[in-house]
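Below is one structure, written out as structure tokens; comments come after it.
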Amino acid sequence: MSSMIPPVYDTPVFRMACQQFDLVADFLDIPVNARDRLKLPKRSVSVAMPVRRDDGSTTVFMGYRVQHHLTLGPTKGGVRFHPEVTLGEVAALAMWMSWKCALTGLPYGGAKGGVTCNPRELSTGELERVTRRYTQELIPFIGPQIDIPAPDMGTNEQTMAWMMDTYSLQSGHCVPAVVTGKPVSLGGSLGRREATGRGVAYLVSRAMDTIGIPANGATAVVQGYGNVGSIAASTMARQGIKIIAVSDAVGGLYNAKGIDLAKLDEHVAKTKSVVGFDGGEAITNEQLLLTPCDILVPAALERQITVENASKIQCRILAEGANGPTTPEADAIIAQRPEIFVIPDILCNAGGVIVSYFEWVQDLQSFFWDEGEVMSKLYRILEQSFMQTVNFAKKRKVSMRFAALSLGIQRVHEAKTIRGLFP
Ligand code: NAD
């Protein structure tokens, strides 16, 4: 049974997140009068931000922050800089963060933020001014015990450094715990930059064990060669997996013999794109998704695997590095293809928020861990979440996505029920 979608959030991505929630709520028999309370974002902020451009003109950018639920602790989630950012998209991503944090047992509600802009078309100075203005506008709504931003698409360690600096200047003292994904020199955690991609690769290896594919000779295709995609690719390559295709927003690259990632990284560092690298032939993103392989890793945008291509993808493992890369309609098609093992987004890319949690804990204690400690704690949580999801899926005869969402949603529902309703 579906319930209402407020018009401010009504976008295809938010509808998709609600559709997933409604199916799980029916399955878990969540009382109808508890559903909107669980589903609808608690708090959303929308800001118009005038920013001075390098040429002296002023552009007003739209910025958003959505905090999905405040039941289990502060909220946590990335900040996206992308031309297609909308309030509805940010709200959907915040909802998925809630289920992800609950699935992995982190003491957070989900949040997400974004600025509608194209970071590729902004100078470093303009990016800094957009980031500082966005942070300034959000000061009453963020903080180490309120809401802790982190990097997402189009943002990185530098963005977090500017956010932390802007917030600290306002506070009158240094507040490293206000954001995660910072440079290590500012109180960032060792392993945070690599955490999401390494987590994807770890879960891919667990999925390979589960369905019996040996790493040596296995092939992988990665859509989106950014933070998540590039680290997932290099970690899988170290496990003996051959990376035969990668792409970014500009285009893709294919090499049946395996792409030389070290050389590709040098090319990307120089040109900011995989396109034009001479170690493979050019392909489109559409062709990339249909390339036969053992492991397909979408690590770019939402809604890439759709009714159009779900019956045509040719992989054994679909490892969702991105958030929301598969539409519910595509999911129904993939459910009829038992040869494909899905590692759903809220599990597959959870490494990022898990190590963000470690960074927050280290900042609050001013006591820092070595990389080995960070990684072993990360893999322990991922292993536990993976096994709980696999066992739930087997026992209740549902898909891995349904199992992961059920575990996350059930935990938030329980917490809300136990806390009760005030007044
Ligand atoms: P990023 O900005 O570092 O990289 C994104 C990559 O995707 C870039 O190479 C970009 O060119 C490419 N891209 C954009 N549009 C594309 C398109 N239409 N087709 C193909 N490629 C395209 O971002 P990221 O941090 O790696 O995030 C990627 C995905 O992973 C997002 O869905 C994000 O929400 C998710 N995620 C990120 C983290 C994290 O820690 N960074 C954590 C969890 C989930």
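Atoms within each ligand, like the ligands themselves, are counted from 1 in listed order. What's counted below: heavy atoms across the whole structure, side chains too, no hydrogens, waters or symmetry copies.
- Only the side chain of Arg192 comes within contact range of ligand 1, with a heavy atom under 4.0 Å; no backbone atom does.
- Contacts of Leu93 with ligand 1, taken as heavy-atom pairs under 4.0 Å, are absent altogether.
- Compare Val250, Asn323, Leu289, Asp248 by their heavy atoms: the one nearest to atom 35 (C) of ligand 1 is in Asn323.
- Residue contacts with ligand 1 for Ala299 involve N, CA, C or O but no side-chain atom from C-beta outward (heavy atoms, distance under 4.0 Å).
- Here the CG-CG distance, from Leu407 to Asn391, works out to 9.5 Å after rounding to the nearest 0.5 Å.
- Side-chain polar atoms of Thr166 and Arg132 form a donor-acceptor pair below 3.5 angstrom.
- At a heavy-atom distance under 4.0 Å, no atom of Glu302 approaches ligand 1.
- Taking every non-hydrogen atom of Asn285 and a distance limit under 4.0 Å, the qualifying atoms of ligand 1 come out as 19 (N), 20 (C).
- With 3.5 Å as the limit, one finds no donor-acceptor pair spanning the side chains of Ser168 and Asp165.
- Residue Gly154 places at least one N or O, backbone or side chain, under 3.5 Å from an N or O of ligand 1.
- Of all protein heavy atoms, the one lying nearest to atom 12 (C) of ligand 1 is Ala249 N, 3.7 Å.
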(request) Under the ring pair (Phe, Tyr, Trp, His ring centres under 6.0 Å) rule, what do His68 and Trp99 come out as? Steps first, then yes or no, please. (result) CA-CA 10 Å; His68 180 248; Trp99 314 146; 5.3 Å; yes
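- Here's the thing with Ser247: none of its N/O atoms is less than 3.5 angstrom from an N/O atom of ligand 1.
- Scanning all protein heavy atoms for the shortest distance to atom 3 (O) of ligand 1 gives Asn227 N, 2.9 Å.
- In this structure, the side chain of Gln223 does not engage the main chain of Ala299 through any donor-acceptor pair within 3.5 Å.
- Annotation for Ala220 and Ile241: closest pair CB-CG2, 3.7 Å, computed over non-hydrogen atoms.
- Between Gly229 and ligand 1, no pair of N/O atoms sits closer than 3.5 Å.
- Every N/O-N/O distance between Lys100 and ligand 1 stays at or above 3.5 Å.
- Contact annotation: for Val228 versus ligand 1, heavy atoms closer than 4.0 Å belong to both the backbone and the side chain.
- Taking the six-membered ring where tryptophan is involved, the planes of Phe341 and Phe386 are tilted, since the angle between them lies from 30° to 60°.
- For the atom pair CD of Glu126 and CZ of Phe61, the computed distance is 7.0 Å after rounding to the nearest 0.5 Å.
- At least one N or O atom of Arg80 sits closer than 3.5 Å to an N or O atom of ligand 1.
- The closest protein non-hydrogen atom to atom 32 (O) of ligand 1 is Ala300 O, 2.8 Å.
- When side chains are defined from C-beta on, Val178 does not count as touching Met163, because their heavy atoms never get closer than 4.5 Å.
- Residue Leu301 approaches ligand 1 through these ligand atoms, each under 4.0 Å from one of its heavy atoms: 15 (N), 18 (N).
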